[in-house]
Amino acid sequence: QVQLVESGGGLVQAGGSLRLSCAASGRSLSGYAMGWFRQAPGKEREFLAAISGIGGGTYYADSVKGRFTISRDNDKNTVYLEMSSLKPEDTAVYYCAAGEAVGPQGAYDYWGQGTQVTVST
């Protein structure tokens with residue numbers, strides 16, 4: 001069993017930056033693919049970024065490519081999402097997830113409870 005806890009969310013002005021962290025306990029994350037998703041009010045949860053467990057390949061949604069960067073520190077059992085040039089439309093609850101392989105939401109077995117990111121104008 002893997003427990004995931006996100007942190008680093010908050011209120012930021014448009015154009016600003018935030019770094020989200022996803023800390024795991026219960027099992028090493030080193031072999032897991034990790035993903036970041038978000039859900040805005042009234043919208044479906046959407047994929048943002050993923051990093052594979054082996055090789056560390058990264059994948060991004062077009063909406064965040066060039067602005068968000070996913071990385072992992074297996075020694076700290078933590079995955080990060082660096083976000084820059086934030087826009088009001090980035091306001092959402094952000095979730096991390098762990099799974100056997102990179103894929104759509106259904107590919108991930110473990111989910112955190114989310115952290116709120118609010119971008120003001």
Side-chain angles (χ1 to χ4, degrees):
Q1 192 79 352
V2 177
Q3 291 81 43
L4 303 174
V5 178
E6 302 94 337
S7 61
L11 175 64
V12 63
Q13 287 189 326
S17 301
L18 279 176
R19 185 177 81 159
L20 304 182
S21 299
C22 173
S25 60
R27 190 175 293 183
S28 171
L29 286 181
S30 62
Y32 285 93
M34 300 297 298
W36 282 97
F37 297 78
R38 70 185 178 191
Q39 187 167 20
K43 296 186 177 181
E44 294 186 353
R45 189 159 55 187
E46 64 170 329
F47 166 79
L48 298 176
I51 186 167
S52 64
I54 299 174
T58 56
Y59 309 84
Y60 296 94
D62 288 342
S63 60
V64 303
K65 197 173 295 183
R67 298 191 300 125
F68 291 10
T69 302
I70 188 171
S71 63
R72 64 193 304 158
D73 185 335
N74 289 334
D75 289 339
K76 294 183 178 180
N77 226 23
T78 301
V79 175
Y80 303 98
L81 186 68
E82 298 269 4
M83 307 186 295
S84 62
S85 301
L86 285 162
K87 307 173 183 179
E89 51 264 44
D90 293 318
T91 295
V93 178
Y94 284 66
Y95 300 89
C96 69
E100 296 295 328
V102 170
Q105 295 187 43
Y108 297 90
D109 301 308
Y110 305 103
W111 291 81
Q113 293 192 333
T115 185
Q116 175 71 46
V117 172
T118 303
V119 184
S120 64
T121 56

Exactly one candidate in T91, L81, L20, L11 meets side chain to side chain contact (heavy atoms under 4.5 Å, CB included) with V117; the answer is L20
Candidate pair R72 and M34, rule side-chain contact (heavy atoms from CB on, under 4.5 Å), full reasoning
CA-CA 9 Å; R72 64 193 304 158; M34 300 297 298; 3.9 Å; yes
Donor-acceptor check, side chain of E100 to backbone of Y32, threshold 3.5 angstrom: yes or no?
no
Over all atoms of both residues, closest heavy-atom pair of A24 and L4:
CB-CD2, 3.7 Å
Side-chain (R67) to main-chain (S85) donor-acceptor, under 3.5 angstrom:
yes
To the nearest 0.5 Å, tell me how far S21 OG sits from R19 CZ.
5.0 Å
Could you see if Y94 belongs to whatever hydrophobic cluster contains V12? Use Ile, Leu, Val, Met, Phe, Trp, Tyr and a side-chain cutoff under 4.5 Å.
yes
Is the closest side-chain donor-acceptor distance between R45 and Q105 under 3.5 Å?
yes
At what distance, to the nearest 0.5 angstrom, does CG of D90 lie from CG of L48?
8.5 Å
Here the pair of heavy atoms bringing V102 nearest to A50 is CG1-CB, 3.8 Å
Using a 3.5 Å distance criterion without hydrogens, assess whether the side chain of S63 forms a donor-acceptor pair with backbone atoms of A61.
no
Any chain of hydrophobic side-chain contacts (each under 4.5 Å) joining F47 to I51?
no
Looking at E6 and G114, would you say the former's side chain and the latter's main chain have a donor-acceptor pair under 3.5 Å?
yes
Write down the atom of A101, the atom of A107, and the distance for their closest heavy-atom approach.
O-CB, 3.8 Å
One should read off an interatomic distance between D75 CG and S30 OG, to the nearest 0.5 angstrom, of 9.5 Å
Evaluate the criterion salt bridge (Lys or Arg N to Asp or Glu O under 4.0 Å) for residue pair K65 and D62; output intermediate values, then yes/no.
CA-CA 5 Å; K65 197 173 295 183; D62 288 342; 3.3 Å; yes
Can you establish whether the number of heavy atoms outside E89 located under 6.0 Å from its atom CD is more than 12?
yes
Kindly say whether the aromatic ring centers of Y95 and F37 come within a distance under 6.0 Å.
no
Please list all pairs passing the ring-ring contact (aromatic ring centres under 6.0 Å, His included) test where one or both residues lie in residues 52-93, with sequence neighbours left out.
none
To check you understand the geometry: which heavy-atom pair defines the closest contact between T121 and P88, and what is its length?
CG2-CG, 3.5 Å
Show which residues join I54 in its hydrophobic cluster (side-chain heavy-atom contacts under 4.5 Å, direct or indirect), or state none.
none
With rounding to the nearest 0.5 Å, note down the distance linking CD in Q1 to OG in S25.
10.0 Å
Mind listing the closest non-hydrogen atom pair of C22 and W36 along with its distance?
CB-CZ2, 3.6 Å
Run the side-chain contact (heavy atoms from CB on, under 4.5 Å) check on Y110 and Q3 step by step: do they pass?
CA-CA 7 Å; Y110 305 103; Q3 291 81 43; over 6 Å; no
Closest contact, heavy atoms only, T115 versus G8:
OG1-N, 4.3 Å
Exam field: side chain N77 to backbone L29, donor-acceptor pair closer than 3.5 Å
yes
Is the number of heavy atoms from other residues, nucleotides or ligands within 6.0 Å of CD (E46) greater than 12?
yes
Can V93 be reached from Y108 by stepping across I, L, V, M, F, W or Y side chains whose heavy atoms are under 4.5 Å apart?
yes
Stepwise, does the side-chain contact (heavy atoms from CB on, under 4.5 Å) test hold for V79 with C96?
CA-CA 8 Å; V79 175; C96 69; 6.0 Å; no
